[in-house]
Every structure is written in structure tokens, then in C-alpha cells.
Number of protein chains: 2
Amino acid sequence: MCVVQRDEFQTAFWSTKRAMAEAAEAAFNQHGVRAGQQFILERLWETDGQTPGELAKALGLATPTVTRTATRMETAGLLHREAHPSDARLVRLCLTDRGRRLEKTLEQERRRLTERALRGLTDDEREQLVQLLETIRTNLGERK
Amino acid sequence: MCVVQRDEFQTAFWSTKRAMAEAAEAAFNQHGVRAGQQFILERLWETDGQTPGELAKALGLATPTVTRTATRMETAGLLHREAHPSDARLVRLCLTDRGRRLEKTLEQERRRLTERALRGLTDDEREQLVQLLETIRTNLGERK
DNA sequence: CGATGATTATTAGCCGGCTAACGTGAATCA
DNA sequence: TGATTCACGTTAGCCGGCTAATAATCATCG
């Protein structure tokens, strides 16, 4: 029935989210990286030295989320803070050698995770899945 | 390309998750309920007086997650703790009048949220979405 | 009956999302 | 120039997920 289907969506979505979070954490922890740090790493691999505000905007996160994660990454030896040359308000987050070296490893880990999650799905199904997810996000984003 | 599609899945999934979390929080906050409390409420509407351990098992959560959420719900006047009649280790979580009265309101709110999220999707697409999500969860659940 | 082991809830503390409040530096304008 | 406003990063603290460690109680076995 319709109502049942609605319940199923919420249930399926949140349980899948927890499974994804758990699997991601396990995958990245093998390399001394926490799940939330991958997003910042990916952006810095592409363009090093971005500010917390830039990263937050690019990732759709709140700035404090980025600054705190960056602090943990600094402690973990993945990046370090540098003063911005022309604007003392800004902070540049710059990868360490270790942070840079992890690029290929973690990208492979992420691919493996995605492949494991989507195992058995055809290319069409994968594409439709992404489409459905983006529709949902768009629907929720509309301030109606 | 294949790699791009994999990236798209992770990106789409996590951004959709954040959008869902934000929308759920906004929807339930209107009624003085936090997003994480709905799951416990739903179970207690069905069977009142369950223990934290029972709820955790039924919801697939860790027990401390339930006990802390229950504490906040107690503070919010949604439930209260009662001693178990025959086993002093157990605690029964029992709805207050307010917790019971919210049943129809919150169920409607949840239906509205789901409908808003899935707007524009056909019944077939909704069913397939749930199927895809459950496949993912099953894939990740398999140890190996 | 008493000791030992299992079960349960709780506490403490980490991660990752958020908002609000704060302080500092840049920029603007009178 | 100097005051005010704006922009940015950080801190503090909430929520909701988790694990590890505690404390209390039950159950079992000697």
C-alpha cells in the first residue's frame, strides 16, 4: 500500500545511511583517516591551500564543521594551517606529504566501497539511483 | 564514465542524506520533537513500555544511543522511565500523554516529509528506490 | 548458600553534522 | 583619518551515531 511504501522509504533510507557510514568508517580507518576527512582531502588534492570557507561552500557544509575536521586532520598529520599572504583573516589548509601520498590509496578505497555498495546493480540501475537521489535532494531543497 | 558515476553516487548519497536530515529536523521541530526521537516514538506507539535494549535491537541502533535519546525525551516530557516489575536490571520506557497525543500529528508530518522528498516520482520509481537502497544495505551488511 | 559469569542500563568520550556567539582583520564611508 | 560595518575563522555547545568501561542485577553452578 501507499502508506507502507512511505514507511519503507524512510526505514530503508536511514538504515542504508547507517550501513554506508559504518562501511566508510571501516574502509578509511585502515589508513588512519576518518570518514569525514575524505571530502576535504579530495578537494585539497585537486586544489591545495584552500580556506575553510571555500571548502565549506564547495562541500555544502557549515564552516565550523570544516574547521574542526581540519584541526583533527592537522593533529593526524594530514595537513597544516598556513597564513594567507594578503589577508590575515584567511587560513590556507595545505596538505602534508602524508596527506598527498594517500590520494591514490584512498581513491581506490572509495571506489571499492562504492563497488561493494552497488554490487549486482546494472549500469542503468546505478544511473537511475543517482538520478533518484538527486531528485530527492532537489525536492527537499526547494523552499516551497 | 564509470569512475565519474561512482563519484556521483557517493556525492549524491551524502548530500541527499544531509538534505533529508535537515528537512526531518525542521519538520519534527515544529512539534517539539527532535528527528532522532521519532523512531523510538513509533515503536512505543505500537508497544508501550519497551526497554532500551529491545528498542535498540528493533531499530538497529546501539543501546547507548537509545538510552541517551530516551533521557532527552524524558526531559522533553515525551516519556518516563518505570521500573520493570520482575527484573530490576530492566527499565521500561513509557509514553506520557503528550507522547501519545503526538502520534497522529507526527505520522502525518512524516508522510508529508516523504511525499515532499519523493515528489514527482512514480509508484514504480518509488518502489525501485526502496529496492535499490535495500540492495545497498544488504551488500554492505555482508561481511567480506 | 555463596561465588562466579552473563545481561542490562548507564556514563564517558569520539566523530560529524549544525547554530550562535566571539574576536580579529579588512573595507568602506563620513 | 577614523569609526563603522562586513567577512572570516574559531569556540562553545546541541543532536545523533558509535565503542569502551562501570555498576547493578540475575542466573547458574559448585
Side-chain angles (χ1 to χ4, degrees), chain A residues 13-29 32-41 49-57 59-76 78-93, chain B residues 13-29 32-41 49-57 59-76 78-93:
Chain A
F13 186 84
W14 292 115
S15 62
T16 302
K17 172 257 164 180
R18 287 196 299 268
M20 280 284 297
E22 179 186 348
E25 198 66 48
F28 290 110
N29 281 3
V33 173
R34 306 306 303 252
Q37 304 175 352
Q38 59 164 315
F39 305 112
I40 292 177
L41 285 174
Q50 295 186 72
T51 68
E54 288 172 342
L55 291 168
K57 195 165 201 171
L59 296 170
L61 298 174
T63 306
T65 301
V66 174
T67 67
R68 195 185 43 190
T69 301
T71 300
R72 287 172 183 156
M73 293 170 78
E74 203 171 13
T75 301
L78 294 168
L79 56 79
H80 57 96
R81 286 173 159 85
E82 284 186 11
H84 193 278
S86 66
D87 189 335
R89 293 172 301 182
L90 303 181
V91 168
R92 286 164 46 94
L93 302 178
Chain B
F13 186 84
W14 292 114
S15 63
T16 302
K17 172 257 164 180
R18 286 196 299 269
M20 280 283 298
E22 180 186 347
E25 198 65 48
F28 289 111
N29 281 2
V33 174
R34 306 305 303 253
Q37 304 176 352
Q38 59 164 316
F39 305 111
I40 292 177
L41 285 174
Q50 294 184 73
T51 69
E54 287 171 344
L55 291 168
K57 194 164 202 172
L59 296 170
L61 297 175
T63 306
T65 302
V66 173
T67 68
R68 194 184 45 189
T69 302
T71 300
R72 288 173 183 154
M73 294 170 77
E74 201 170 14
T75 302
L78 294 168
L79 56 78
H80 57 96
R81 285 173 158 85
E82 284 187 12
H84 193 280
S86 66
D87 189 335
R89 293 172 301 180
L90 302 181
V91 168
R92 288 162 47 94
L93 302 178

Rounded to whole angstroms, how far apart are [atom1] on [X] and [atom2] on [N]?
X: Q50(A); N: dC8(D); atom1: CD; atom2: C1'; answer: 15 Å
X: L90(A); N: dG9(D); atom1: CG; atom2: P; answer: 6 Å
X: E54(A); N: dA7(D); atom1: CD; atom2: P; answer: 15 Å
X: R89(A); N: dC8(D); atom1: CZ; atom2: P; answer: 6 Å

Answer with base, sugar-phosphate or nothing: what part of the nucleic acid does [X] contact at a heavy-atom distance below 4.0 Å?
X: A88(B); answer: sugar-phosphate
X: R81(B); answer: sugar-phosphate
X: T71(B); answer: nothing
X: A35(A); answer: sugar-phosphate

- Task: Report the C-alpha separation of Q38(A) and F28(A) in whole Å, then their side-chain angles, then the decisive distance to 0.1 Å, and conclude whether the side chain to side chain contact (heavy atoms under 4.5 Å, CB included) test is met.
- Result: CA-CA 8 Å; Q38(A) 59 164 315; F28(A) 290 110; 3.3 Å; yes
- Item | Closest-nucleotide ordering on DNA chain C, the 5'-leading residue of P52(B) and F39(A) |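 First, find each residue's nearest nucleotide; the 5'-ward one identifies P52(B).
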- Message: Side chains of L93(B) and L55(B), heavy atoms from C-beta outward: is any pair under 4.5 Å?
- Response: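 Yes, at least one pair of side-chain atoms sits under 4.5 Å.
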- Query: Along DNA chain C, 5' to 3', what are the outermost nucleotides having an atom less than 4.0 Å from a heavy atom of chain A?
  - Reply: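 Both ends considered, the range comes out as dC15(C) to dA26(C).
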- Message: Go nucleotide by nucleotide along DNA chain D from the 5' end; which of A70(A) and K17(A) gets its closest nucleotide reached first?
- Response: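 The residue mapped nearer the 5' terminus is A70(A).
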- Task: Find the distance between CG (L78(B)) and CG (L41(B)) and round it off to the nearest 0.5 Å.
- Result: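 L78(B) atom CG to L41(B) atom CG measures 5.5 Å (nearest 0.5 Å).
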- Task: Please test Q50(A) against L90(A) for side chain to side chain contact (heavy atoms under 4.5 Å, CB included), starting from the C-alpha separation and ending with a verdict.
- Result: CA-CA 9 Å; Q50(A) 295 186 72; L90(A) 303 181; over 6 Å; no
- Query: How close do E25(B) and A35(B) get, heavy atom to heavy atom, and via which atoms?
  - Reply: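 Closest heavy-atom pair between E25(B) and A35(B): OE1-CB, 3.2 Å.
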- Task: Starting from the C-alpha separation in whole Å, work towards a yes-or-no answer on side chain to side chain donor-acceptor pair (under 3.5 Å) for T69(A) and R34(A).
- Result: CA-CA 9 Å; T69(A) 301; R34(A) 306 306 303 252; over 6 Å; no
